[in-house]
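Here the structure is laid out as structure tokens; the discussion comes afterwards.
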Amino acid sequence: MTQLDISNEGAQFLDADGMKRKYLEERDKRLQVDRNKFLKLSGKYAHLADDPHVETRIDRDAVLEEVETVVVGGGFSGLLAAASLRKVGAENIRIIEKAGDFGGTWYWNRYPGVRCDVESYTYLPLLEEVGYMPTEKYATGEEIWKYCQMLGRHFDLYKDSYFQTEITSIRWEEADSRWHIRTDRDDLIKTRYLLLGTGPLNHAKLPDIPGIEEFEGHLFHTNRWDYAYSGGDQRGDLSNLRDKRIAMVGTGATGIQCMPIVAKDAQHLYVVQRTPSAVDARGNRPTDAEWFKSLPEGWQQERMHNFDAILAGLPVEENLIADQWSEFWGGISDVVEASGGDPELMKSMLDAQDLEQMERIRRRTQEIVKDPAVAEALKPYYGRFCKRPTFNDEYLESFNRPNVELIDTEGRGLDKITKNAIVVGDTEYPVDCIVFATGFEFLAGTKKEGGFDIVGPQGRSFTEHWAGEIRSLHGIMTKGFPNLFMIGALHQAAVSINFPYILGEQAMHAAALVKRFTDMGIEVAEASQRAEAEWVDAVKLRSGYDEEAARSCTPGAYNNENTYDKPGVFESRWTGDPNEYIEILRDWRETALEGDLEVKRSQGSRNR
Ligand code: NAP
């Protein structure tokens with residue numbers, strides 16, 4: 001038995017080997033279950049994908065037009081892409097968005113309690129430019145959504161946007177070297193450049209639980225909260241739930257934010273848990289206006305850089321954020337330094353630090369939740385990098401309420417649904433409503449259910465193109481799809497917990513290239529095969545792919561639900577320092593550019 005000296009009070013010695021065995025047992029329970037069975041959001045469930053926020057459908061004629069650049073999506077990816085285009089002087093642009101307004105994930109996800117768990121001063125992009133002070137350290141979804149609208153106004157983007165417009169096809173036409181975009185409004189929009197900002201989480205998962213179709217009560221997904229049913233708003237006062245028995249299924253970042261608000265009003269709330277989240281303290285507070293005013297020019301870029309460096313395990317002079325993310329996921333650089341670079345020692349010290357952090361979270365759970373059996377069931381038994389941590393000061397506390405009941409399914413999820421109840425094991429729990437906080441199909445792509453594929457030269461579909469090996473230059477351009485830039489594609493690009501940080505850089509990158517191509521009379525550009533191959537190798541070097549570590553985790557988005565059947569999916573993830581990725585993009589724009597591209601100039605002469 002390895003005895004680890006855990007410095008935190010109350011856990012002097014921990015049976016590390018025993019704990020690792022426990023982690024594997026918890027993983028194995030979850031591997032018995034088919035976790036990938038979902039219902040299509042069509043037919044009986046089509047309304048779960050409708051837009052509940054639009055009161056009036058925009059009435060407009062179909063358009064037939066040609067523009068310089070189309071941005072697909074009006075979330076942070078699209079907004080930052082369009083803002084960057086404006087900054088380089090591009091006026092002839094269009095934004096196409098399915099929703100009724102800007103906001104993307106913050107437009108759709110308006111469930112009670114929705115907030116961002118990355119601090120607002122780091123998360124909300126372009127604060128200095130827009131001149132906005134977030135009201136709290138952790139902003140509400142409502143504030144973030146309003147900020148998205150503010151970005152739209154600041155960069156004068158509304159006049160160039162088609163809302164409530166769904167793309168039905170995008171095809172490259174060789175005859176005019178333009179992308180032809182068709183929509184459900186019968187539009188045909190031709191564009192030279194295409195910037196894709198469709199986001200990774202836009203297909204809600206409705207688990208295919210036996211009997212679900214028989215359920216006669218109410219049912220919805222947090223992604224389209226039904227306030228007509230619950231009453232109230234994102235802040236709470238869900239008055240219609242006061243005589244209702246509610247089941248909430250799912251205890252990820254969404255479920256945890258939402259549950260305490262529902263608990264305040266539901267007559268009875270069952271929280272259906274498959275895997276507990278690691279729930280750390282939140283510590284939200286209003287913004288100190290004096291402090292905010294005192295921040296020097298360029299502070300936000302520095303803060304974003306600092307946050308990502310800490311989370312990447314790099315040493316920093318000062319932790320500017322001083323939040324729970326850096327407490328829980330940071331601290332790696334101290335271990336690296338203390339180990340003196342000895343790889344064996346470093347690994348064992350990192351393991352010890354991991355156990356220590358998870359043990360702290362488990363102790364915290366026990367201290368807050370009064371019923372010891374409930375507390376035990378709420379403790380996460382897996383490594384800290386297996387799942388996204390969560391931060392909340394009301395979730396665990398809510399289990400002390402008399403109207404809240406945890407149904408721990410020991411990793412299985414619901415066994416059955418009847419016409420008026422949920423079933424776990426032999427027990428039926430009659431309910432009036434089931435709320436699914438069951439997340440999204442990660443990177444489902446644009447083609448999913450009624451979506452569109454992107455068809456490049458020679459009729460090549462993007463979906464097929466990436467079905468084999470994922471290849472790109474910087475995760476932004478890909479050979480075979482000219483003049484196309486991906487903003488926020490998570491393959492072969494850095495991924496940051498602070499998502500808009502990377503989006504902002506990719507957006508700037510794409511806009512700078514659009515400007516350069518236009519200035520240089522380049523008509524068509526795509527990544528060269530050599531440059532792509534070099535980038536694929538560069539990413540593999542930084543993928544930090546450790547299959548043993550991935551396999552030892554409970555299944556989830558981070559380890560592709562613990563499946564390894566899609567070749568290259570892990571190797572294509574950049575898990576290195578996001579700041580390094582940003583430096584690479586910036587250097588490349590200065591130096592490499594044309595050497596890594598195949599371009600055709602206006603006169604039709606091929607340069608490379
Ligand atoms: P999620 O992280 O995928 O969590 C889904 C939850 O539903 C998990 O607890 C999952 O259990 C459970 N689940 C799935 N199928 C189930 C079934 N059949 N029966 C019972 N339980 C089931 O989804 P999310 O919480 O909506 O988060 C989605 C993404 O948005 C994440 O990347 C998250 O970090 C992000 N997010 C961010 C914020 C923020 O503050 N920035 C807020 C909310 C969400 P298992 O763990 O066993 O799979």
Side-chain angles (χ1 to χ4, degrees), residues 26-27 29-39 76 104-106 108-120 122-124 138-141 144 199-210 212 221-225 247-259 270-280 282 284 323-325 378 380-382 386-392 395 406-417 422-424 434-444 490 495-500 553-562:
E26 291 298 322
R27 175 203 63 182
K29 280 184 204 167
R30 287 159 181 85
L31 293 179
Q32 311 303 316
V33 182
D34 182 354
R35 301 166 54 92
N36 288 309
K37 277 171 72 184
F38 313 114
L39 290 166
F76 273 132
T105 199
W106 301 105
W108 296 111
N109 286 285
R110 302 196 205 179
Y111 55 83
V114 57
R115 274 181 195 273
C116 186
D117 60 12
V118 175
E119 64 145 29
S120 54
T122 304
Y123 182 78
L124 292 178
Y138 299 99
T140 60
I144 300 171
L201 299 172
N202 40 33
H203 283 276
K205 287 200 294 204
L206 181 64
D208 187 3
I209 296 161
I212 188 170
H221 192 282
T222 47
N223 183 235
R224 304 282 197 271
W225 189 271
M248 280 196 69
V249 183
T251 53
T254 299
I256 274 162
Q257 288 183 338
C258 190
M259 175 281 217
Y270 296 107
V271 180
V272 181
Q273 172 179 275
R274 193 164 71 174
T275 309
S277 279
V279 188
D280 211 341
R282 169 71 308 161
N284 198 11
D323 68 347
Q324 294 305 116
W325 275 106
L378 286 166
Y381 287 103
Y382 44 78
C386 291
K387 271 186 190 292
R388 186 183 171 108
T390 61
F391 309 93
N392 198 291
Y395 175 72
L406 176 70
I407 304 179
D408 179 36
T409 65
E410 293 259 339
R412 292 197 316 278
L414 284 180
D415 291 318
K416 210 168 112 184
I417 296 179
I422 54 169
V423 181
V424 177
I434 308 176
V435 179
F436 287 92
T438 42
F440 302 84
E441 286 187 61
F442 193 49
L443 293 171
L490 297 182
V495 180
S496 170
I497 290 293
N498 182 25
F499 207 40
C553 278
T554 44
Y558 288 6
N559 63 356
N560 208 28
E561 300 295 338
N562 222 319

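Every heavy atom of this structure was used, including side-chain atoms; hydrogens, water molecules and symmetry mates were not. Nothing fancy with the numbering, it's 1 onward along the sequence. Counting starts at 1 for both ligands and their atoms, following the listed order.
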- Message: Taking the side chain as everything from C-beta on, heavy atoms only, tell me whether Ile422 gets closer than 4.5 Å to Ile209.
- Response: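 Not touching, per the 4.5 Å side-chain cut-off.
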- Item | Min side-chain heavy-atom separation Phe440-Thr105 under 4.5 Å | no
- Query: Quick one: does Thr251 get within less than 4.0 Å of ligand 1, heavy atoms only?
  - Reply: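 A heavy atom of Thr251 does come that close to ligand 1.
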Nearest non-hydrogen partners of [X] and [Y], listed with the distance:
| X | Y | value |
| --- | --- | --- |
| Val33 | Arg412 | CG1-O, 3.7 Å |
| Asn562 | Cys553 | ND2-O, 2.8 Å |
| Pro500 | Phe76 | CG-CD1, 4.1 Å |
| Asp34 | Asn36 | OD1-N, 3.0 Å |

Proximity of [X] to ligand 1 by residue part, where a heavy atom lies under 4.0 Å:
| X | result |
| --- | --- |
| Pro207 | side chain |
| Ala437 | backbone |
| Lys205 | neither |

Between [X] and ligand 1, is there a nitrogen or oxygen pair with a distance under 3.5 Å?
| X | result |
| --- | --- |
| Trp106 | no |
| Gly252 | yes |
| Ile209 | no |

- Message: Can you tell me if Lys416 has over 12 outside heavy atoms packed within less than 6.0 Å of its NZ?
- Response: no
My understanding is that we take every heavy atom of each candidate and find the minimum distance to [atom]. Doing that for [options], which one comes out nearest?
| atom | options | result |
| --- | --- | --- |
| atom 37 (C) of ligand 1 | Met248, Arg30, Arg388, Arg412 | Arg388 |
| atom 39 (C) of ligand 1 | Thr254, Thr554, Asp117 | Asp117 |
| atom 46 (O) of ligand 1 | His221, Lys387, Gln257 | Lys387 |

Show which atoms of ligand 1 fall inside a sub-4.0 Å distance from at least one heavy-atom site of [X].
| X | answer |
| --- | --- |
| Val249 | 19 (N), 20 (C), 21 (N) |
| Cys116 | 40 (O), 41 (N) |
| Ala253 | 25 (O), 33 (C), 34 (O), 36 (N), 42 (C), 43 (C), 44 (C) |
| Tyr111 | 42 (C), 43 (C) |
| Thr275 | 45 (P), 46 (O), 47 (O) |
| Gly413 | 19 (N), 20 (C) |

- Message: Donor-acceptor check, side chain of Arg30 to backbone of Thr554, threshold 3.5 angstrom: yes or no?
- Response: no
- Query: Among side-chain atoms of Gln257 and Tyr111, is any donor-acceptor pair under 3.5 angstrom?
  - Reply: yes
- Using the side chain to side chain contact (heavy atoms under 4.5 Å, CB included) rule, take Tyr395 and Val271 through it: C-alpha gap first, then chi angles, then the decisive distance, then the call. CA-CA 11 Å; Tyr395 175 72; Val271 180; 4.1 Å; yes
